[in-house]
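What you see is a predicted model; the values in this text were computed from it and never measured.
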Amino acid sequence: VAITSAVSPRWRSWSISSASITAPTTQKMPPAYSGAVAAATTCVSANAAIVTKVAFPRVVLPMAAVLAQLPDALVAGVALGAGLLAMGMSVGASWGWLLPTLGVLGIWTLALSLALAALGALFRDVKHVVQVVLRFGLFAVPVLYSPSDLQGTLGGALRWNPLNAPLDGLRLALVRGHDLAVPIAGPPNGIPVWAPADLGWSAAAGLIGLWLAAWGFARAEPLLADAA
């Protein structure tokens, strides 16, 4: 994608509301997050020999699954940065939003990993459901489009996706050079291109979800040895 972005005129003629600037920037990161969630779902059953014989905090298993994806995310980030620079884009102050947006994605990844690790150990069919959701979930996040491109009921519903704000914010900050603290109005009576509050509520909801996932995992931990 980075090579295509660098040589294709289509990617050079981007606009803030066009899906053409979404794909080269946000297609890089989701595989690391989806890979972490998929690995965490089966982490307990995959380590059944250890779980059933050794006493240790089982929470380290989903956390290890998440941390194992960091090298892939780092490589993807380097490729992404190289692609953007090859397109003639310069590093600006807006790139400082990289850490907040990726941090929100990390919170949601860890929350989902903890919840699905417990569910995946107790109910073996969960892993198949997760694989299907991760495969088709691409169309529910702003990777191939911007939420502002979809108006009406569908666009409004997709805006409530908690992963929408960090992914769209990542695109706007890196490619458009936009300060995410400043809102961007959309069409009259339509969905705004960007609202800073969206990132805030996504972070808050992610922290609540992480607390609930950690609480649920702790409650299920005594059952994991038998389930594994």
Side-chain angles (χ1 to χ4, degrees), residues 16-17 19 21-23 25-38 40-41 62-63 65-67 69-70 73 76-77 80 93-117 130 133-134 136-186 190-217:
I16 194 169
S17 62
I21 64 173
T22 306
T25 56
T26 54
Q27 275 184 339
K28 289 293 182 181
M29 294 302 177
Y33 292 97
S34 61
V37 172
T41 304
M63 292 182 65
V66 173
L67 293 176
Q69 297 298 320
L70 289 181
L80 171 60
S94 64
W95 285 43
W97 286 98
L98 178 66
L99 290 181
T101 52
L102 292 181
V104 174
L105 285 174
I107 291 173
W108 277 104
T109 302
L110 185 56
L112 291 173
S113 297
L114 288 174
L116 292 174
V130 170
V133 171
L134 289 177
F136 294 100
L138 174 71
F139 300 102
V141 294
V143 172
L144 301 177
Y145 59 88
S146 174
S148 59
D149 295 333
L150 304 174
Q151 299 296 323
T153 304
L154 179 59
L158 290 176
R159 188 185 175 194
W160 286 101
N161 183 342
L163 296 180
N164 166 71
L167 285 174
D168 212 28
L170 181 66
R171 174 182 65 87
L172 291 172
L174 295 186
V175 178
R176 185 63 175 88
H178 179 71
D179 182 1
L180 298 186
V182 180
I184 304 176
I191 299 174
V193 175
W194 173 255
D198 289 349
L199 185 62
W201 89 259
S202 178
L207 290 173
I208 295 174
L210 179 59
W211 181 84
L212 291 174
W215 176 81
F217 190 92

Checklist outcome for this item: Between the OG1 atom in Thr109 and the CD atom in Gln69, the distance rounded to the nearest 0.5 Å is 9.5 Å
Checklist entry - Would you say the side chain of Asp168 lies within less than 4.5 Å of the side chain of Arg171, judging by non-hydrogen atoms? => result yes
Next on the checklist: Whether the side chain of Trp108 engages the backbone of Ser202 through a donor-acceptor N/O pair (distance < 3.5 Å, no angle test) should be reported.
Outcome noted: yes
Checklist entry - When rounded to the nearest 0.5 angstrom, what is the spacing between CG in Leu112 and CG in Leu134? => result 9.0 Å
Item to check | Nearest atoms (heavy-atom pairs only) where Pro183 meets Ala181 | outcome: CD-O, 3.8 Å
Checklist entry - Ala203 and Val104: which non-hydrogen atoms are nearest, and at how many Å? => result CB-CG2, 3.8 Å
Item to check | Minimum-distance pair of heavy atoms, taken over all atoms of Trp97 and Asp179 | outcome: NE1-OD1, 2.9 Å
Item to check | Nearest heavy atoms of Ala117 and Pro62, plus distance in Å | outcome: CB-CB, 3.9 Å
Next on the checklist: Quick test of your reading: applying salt bridge (Lys or Arg N to Asp or Glu O under 4.0 Å), list the pairs with at least one residue in residues 199-213, sequence neighbours left out, ordered by first then second residue.
Outcome noted: none
Next on the checklist: Quick one: does any side-chain atom of Trp194 pair with a main-chain N or O of Leu180 as donor and acceptor, under 3.5 Å?
Outcome noted: yes
Item to check | Check: Thr101 side chain, Pro166 main-chain N or O, donor-acceptor pair, under 3.5 Å | outcome: no
Item to check | Euclidean distance, Leu167 CG relative to Leu102 CG, rounded to 0.5 Å | outcome: 9.0 Å
Checklist entry - If you take all heavy atoms of Ala36 and Ser113, which pair is closest and at what distance? => result O-OG, 3.9 Å
Checklist entry - Say you draw a straight line from CG of Leu207 to CG of Leu212; how long is it, rounded to the nearest 0.5 Å? => result 11.0 Å
Item to check | Nearest-0.5 Å distance, CG of residue Leu110 to CG of residue Leu67 | outcome: 8.5 Å
